Amino acid sequence: MFGVILKLSLWTLLSCLAYGQTGVRNINIGAVVIDEDKKDMAALEFAVKFSNEDINSSAKEYNIRYELLTETVSAGNRFQATRAVCKLLEYGIVAIIAPDDSIVANAILSVSASVEIPVIHRYIVYRPYNSTDHFDINVAPDYRTMNIAIRDIVNFHHWKKVAILYENNDGLLRVQEVLPLSLKRNVVKLALVQFTVDNVVSRVKRLREMQVNNVILDCSKESLPEVLQKVNDTGLITEYMHYIITSLDALDADIANLVRRDSNFTLLTLHTNNDKVEPISRSYLQYLQTIKPARRYELHLSILLTLDAIEALTRGLITSDAVRDIRASKLSCSTMEPWQDGQTLINYLRLINFNGITGPLGFNEKGHRTNFLINIKKLTLSPQVENGYRQFATWDSRLGLNVSVETQKDDACALLNSNRTLRITTIIQEPYTFEN
């Protein structure tokens, strides 16, 4: 009898440790953060806090509470990234959130695949489609599907000459497939030009000399304002130059001040559900007031993607729990024994489809987000448009490009009503033209 009571008390103790006294299930999430990236750290901390409040609301009652465990590493340091993952594994985690660093992210993937711990990305990551399967999902849009959207915009404008202006090799790898995709429908002459912030002006001037006026610009949100300012200062932002900016978080950059009546910018932005964003924005401002030292960060896209990442993880855990009881295990890099529930969780994560904060969200069999909606916007000086951004079209990963008739009419009217002097010239040559 005593033995039975002892076993029951031990089981009760372990249950309390795992679920807490109120029956809430405590789950550890690991995250690797780049040194000095305080914005990302704040985004992760807020996302976990907000998610804990949201998933345990009376409307959902998932009875899950996340604990965020973070490790910081230097940018591009594979050794530190590997060591950070090994340390996180010792705590018993169900997933690792990767940073916006391709070298660090790949190092995390190499370890996670061995121990079968899912990795969650929040940024566009290039990976060849014929590469070996990784143990991850990505809530940011799939780069190959994004290229189809760019192709459709190029074909809509009937461009025959296009330049891809890319900042780094990752950018080239992401957008280089625009070429074969475009060639399937139209004969498009394509120029690939790499640039830096220091030489971007000379690169754009060279494109003008080549009579290439249509540019697909791939660069980071951080570089974008300075790049466009330099191009603008040298008179290379005109009605004859058309720029497509591929960075989905370009709206987070301060570029609206560069717009002029004769500028021609097209921006691709990830659709967000405003009814969900508004309460998040209020909660984020309140959160920033509670942390010290006080910080002033805007509610940027990576925060919304982080929230969707945790929502996806929650749905994956709840769904897989219906099949088997998912339990985190403390793992070690010395033994490299895989997590017994890892394969079950990653399988269910890739089956998820839901309407998230960043719109429709679903993955293919490799964990790439192929279900999403893009808003296509133009910068404009129209007084009827707030913040200088006007919706031009939408692109759906299932339905393709949708340009409204009203938008096309508005563009034609704007051209006719613009403050321009139209000069018509001819040569006097009877009987076709003559002086009256």
Side-chain angles (χ1 to χ4, degrees), residues 34-40 73-78 99-106 123-126 140 143 146-147 150 154 159 161-179 189-260 262-269 297-298 300-302 378-379 388-389:
I34 303 301
D35 283 340
E36 306 302 326
D37 194 349
K38 295 180 180 179
K39 282 187 178 181
D40 193 33
V73 301
S74 300
N77 194 315
R78 292 184 60 88
D100 184 17
D101 186 304
S102 59
I103 296 176
V104 171
N106 284 327
Y123 305 92
I124 294 179
V125 177
Y126 170 78
Y143 78 93
M146 279 284 297
N147 283 340
I150 297 172
V154 170
W159 290 348
K161 288 183 179 181
V162 183
I164 295 179
L165 207 58
Y166 62 96
E167 187 176 20
N168 51 47
N169 290 332
D170 284 348
L172 173 61
L173 294 172
R174 283 194 299 266
V175 300
Q176 66 179 348
E177 295 188 24
V178 173
L179 174 58
K189 294 182 179 179
L190 191 71
L192 301 174
V193 181
Q194 188 171 15
F195 75 94
T196 64
V197 174
D198 295 329
N199 67 17
V200 64
V201 172
S202 62
R203 295 292 191 266
V204 177
K205 283 183 177 179
R206 176 59 179 157
L207 292 177
R208 286 296 302 272
E209 293 171 359
M210 296 166 58
Q211 297 183 337
V212 178
N213 298 325
N214 305 310
V215 179
I216 299 171
L217 178 60
D218 185 279
C219 71
S220 66
K221 177 191 71 175
E222 291 73 24
S223 301
L224 187 59
E226 186 176 0
V227 167
L228 293 183
Q229 186 65 59
K230 286 191 173 185
V231 174
N232 183 57
D233 290 345
T234 52
L236 293 173
I237 294 180
T238 69
E239 61 184 312
Y240 304 107
M241 294 292 293
H242 192 155
Y243 298 89
I244 295 179
I245 300 174
T246 63
S247 176
L248 291 176
D249 53 1
L251 286 179
D252 295 337
D254 186 18
I255 60 173
N257 62 312
L258 298 174
V259 65
R260 302 198 309 254
D262 56 356
S263 59
N264 206 348
F265 288 104
T266 298
L267 283 74
L268 279 62
T269 65
Y297 298 145
E298 297 295 328
H300 47 89
L301 179 61
S302 66
K378 284 190 174 183
L379 283 171
Y389 300 103

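Computed from a predicted model, the values in this text were never measured in an experiment.
- Nearest heavy-atom pair, Leu228 versus Ile237, reported as atom, atom and distance to 0.1 Å: O-CD1, 3.6 Å.
- Taking every heavy atom of both residues into account, Ala105 and Pro99 meet most closely at CB-O, 4.4 Å.
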- Task: Determine, step by step, whether Ile245 and Leu224 satisfy the side-chain contact (heavy atoms from CB on, under 4.5 Å) criterion, reporting the C-alpha distance in whole Å, the side-chain angles of both residues, the deciding distance to 0.1 Å, and the verdict.
- Result: CA-CA 9 Å; Ile245 300 174; Leu224 187 59; 3.9 Å; yes
- Task: Could you check Leu268 against Ile150 for side-chain contact (heavy atoms from CB on, under 4.5 Å), going step by step and ending with a plain yes or no?
- Result: CA-CA 9 Å; Leu268 279 62; Ile150 297 172; 4.0 Å; yes
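- Expressed to the nearest 0.5 Å, how far CG of Asn264 lies from OH of Tyr243 amounts to 10.0 Å.
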- Step by step, would you call Asn213 with Thr238 a side-chain contact (heavy atoms from CB on, under 4.5 Å)? CA-CA 10 Å; Asn213 298 325; Thr238 69; over 6 Å; no
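- The two atoms that bring Leu248 and Leu301 nearest to each other are O-CD2, 3.8 Å, heavy atoms only.
- Within a 6.0 Å sphere centred on CD of Gln211, other residues, nucleotides and ligands contribute 12 heavy atoms or fewer.
- In this structure, Asn199 contributes its side chain and Phe195 its backbone to no donor-acceptor pair below 3.5 Å.
- Minimum interatomic distance between Val104 and Ser74 (heavy atoms only, all atoms of both residues): CG2-O, 4.0 Å.
- Note: Ile216 CD1 to His242 NE2 = 10.0 Å, rounded to the nearest 0.5 Å.
- Looking only at side-chain heavy atoms (C-beta outward), Leu165 and Val227 stay at 4.5 Å or farther from each other.
- At least one donor-acceptor pair under 3.5 Å links the side chain of Asp101 to the backbone N or O of Gly76.
- With contacts defined as side-chain heavy-atom distances shorter than 4.5 Å, the pair Lys230/Asp198 qualifies.
- For the atom pair CD (Glu209) and NZ (Lys205), the distance works out to 9.0 Å, reported to the nearest 0.5 Å.
- A distance-only check finds no donor-acceptor pair linking the side chain of Ser223 to the backbone of Ser220 [under 3.5 Å].
- In this structure, CZ in Arg78 is found 8.0 Å from CD1 in Ile103, a value given to the nearest 0.5 Å.
- No side-chain donor-acceptor contact under 3.5 Å links Lys221 to the backbone of Ser247.
- For the atom pair Ile244 CD1 and Asp218 CG, the distance stands at 12.0 Å (nearest 0.5 Å).
- Considering all non-hydrogen atoms of both residues, Met241 and Leu236 come closest at CG-O, 3.6 Å.
- In terms of heavy-atom proximity, Tyr143 sits nearest to Ile124 at CB-CG2, 3.7 Å.
- The structure places CG of Asn77 at 9.0 Å from CD1 of Ile34, a figure rounded to the nearest 0.5 Å.
- The closest side-chain heavy-atom distance from Val215 to Val204 is not below 4.5 Å.
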